[in-house]
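Accompanying notes for the structure given below.
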Amino acid sequence: METITTEIRKIFPRADRLTPDWFQNKTTVVAQALLGKLLVHETTKGVTAGYIVETEAYLGAEDQASHSFQRKRSPKNESMYQQAGTLYLYRMHRHTLLNVVTGPLNQPEAVLIRAIEPVIGERIMQENRAQHGVNLTNGPGKLTQALGISYMLDGYLLNQANVSIWDVSQVPMDIVATPRIGIPNKGEWTHRPLRYTVLGHPHISRQLKKEVRTSVWQNRK
DNA sequence: GCTCCGATGCTCT
DNA sequence: GAGCATCGGAGCC
């Protein structure tokens, strides 16, 4: 725990680790506030980390697109019912997707982390993915592979599984809300703007080249 | 025990 | 922009 703090603060002297409490806030608020935060994984190969640039909110029992729609509950999605800050990981085809549980205990909401910008351990990410450039981390399955995060971490609390999220005062210039990806035939929930992105960031998934901007972060304080 | 399918990504056109 | 890989769990027989 101390060594990772030292390592992060070498690069970001004023970095603060987010505690599970931080995720008790409203899911849509957390999803937007996560943009610019640093997602960190301590692996056997070294530290991997990146700024979060794309998230999606999943609003529990009433959200048709959520795994916990109508409070559906099973060993597979049990993590969604746990306390805020719990990691919810599941496998999609042969990929692993990472969520962080939000809100009160037993209210099964979560934020899906869909894309990051590599910051630490880019060489490790290249090894893990056999790819380079934006292809390293511009998708939910890609970023877990790049960071070396396995579905075995499902159910662990943030900070207790070598996975942590840090406030490093990186602030988006602009945030845009759009419909979520891969949610067909879910009525109004298909179209609700619950996907949040750092406007124009090159690492956002499924983005057209002409939408990429050169300036995406505010200057640090 | 069997079928169905997905909050994806890669490849090829 | 379409096709398909690939696998565990849920739902049903």
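Basis for what follows: all heavy atoms, side chains included, without hydrogens, waters or symmetry-related copies.
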Stacking check: are the rings of A/H93 and C/dA5 less than 5.5 Å apart at their centres and under 30 degrees in tilt?
yes

Taking 5.5 Å and 30° as the limits, would you call A/Y90 and the base of B/dA7 a stacked pair?
no

Would you mind reading off the distance between A/Q70 atom CD and C/dA10 atom P, rounded to a whole angstrom?
16 Å

Proximity to the side chain of A/R94 - top-ranked nucleotide from C/dA10, B/dA7, C/dA5
C/dA5

Inspect the contact between A/K37 and A/D16 and indicate whether a charged nitrogen and a carboxylate oxygen are less than 4.0 angstrom apart.
no

Starting at atom CG of A/N77, determine the distance to atom P of C/dA10, rounded to an integer number of angstrom.
8 Å

Looking for any heavy atom pair under 4.0 Å, which part of the strands does A/R129 touch: base, sugar-phosphate only, or nothing?
sugar-phosphate

By the 4.0 Å heavy-atom rule, please label A/I183 as base, sugar-phosphate, or nothing.
sugar-phosphate

Nearest to the side chain of A/Y58, which nucleotide is it out of B/dA7, C/dG9, C/dG8?
B/dA7

Name the nucleic acid region contacted by A/R180, choosing base, sugar-phosphate or nothing; use a 4.0 angstrom heavy-atom cut-off, strictly under.
nothing

Just how far, in rounded Å, is P of B/dC4 from CE of A/M92?
18 Å

Of the listed C/dA10, B/dA7, B/dG9, the closest approach to the A/H95 side chain comes from B/dG9

Between NZ of A/K76 and P of B/dG6 the distance, given in whole Å, is 11 Å

Given DNA chain C, 5'-ward residue of the pair A/K72 and A/Y151, judged by closest heavy atom
A/Y151

Would you mind reading off the distance between A/L136 atom CG and B/dT8 atom P, rounded to a whole angstrom?
19 Å

Under a 3.5 Å limit for both distances, which nucleotide forms a Watson-Crick or G-U wobble pair with B/dC2, could you say?
C/dG11

By the definition side chain to side chain contact (heavy atoms under 4.5 Å, CB included), identify the one residue from A/H203, A/H201, A/R114, A/R206 that meets it with A/E54.
A/R114

Using a cut-off of 4.0 Å on non-hydrogen atoms, how would the nucleic acid contact of A/S74 be classed: base, sugar-phosphate, or nothing?
sugar-phosphate

Compute the centroid of each ring, for A/Y58 and then for A/H67, and state whether the two points are separated by less than 6.0 Å.
no

Can we say A/R123 and A/E127 salt-bridge, meaning some charged N sits less than 4.0 Å from an Asp/Glu carboxylate O?
no

Taking 4.0 Å as the cut-off, does a side-chain nitrogen or oxygen of A/K186 come that near to OP1 or OP2 on B/dA7?
no

Test: A/R180 and A/D63 ion pair at under 4.0 Å
yes

Protein-nucleotide distance (A/I149, atom CD1; B/dT8, atom C1'), rounded to Å
17 Å

Starting at atom CZ of A/R206, determine the distance to atom P of C/dA2, rounded to an integer number of angstrom.
12 Å

Roughly how many Å is it from CG in A/L97 to P in C/dG8, rounded to a whole number?
16 Å

Gap between atom CG of A/N159 and atom CH2 of A/W166 - 0.5 Å precision
8.0 Å

Using a cut-off of less than 4.0 Å, is there contact between a side-chain N or O of A/R91 and OP1 or OP2 of C/dT6?
no

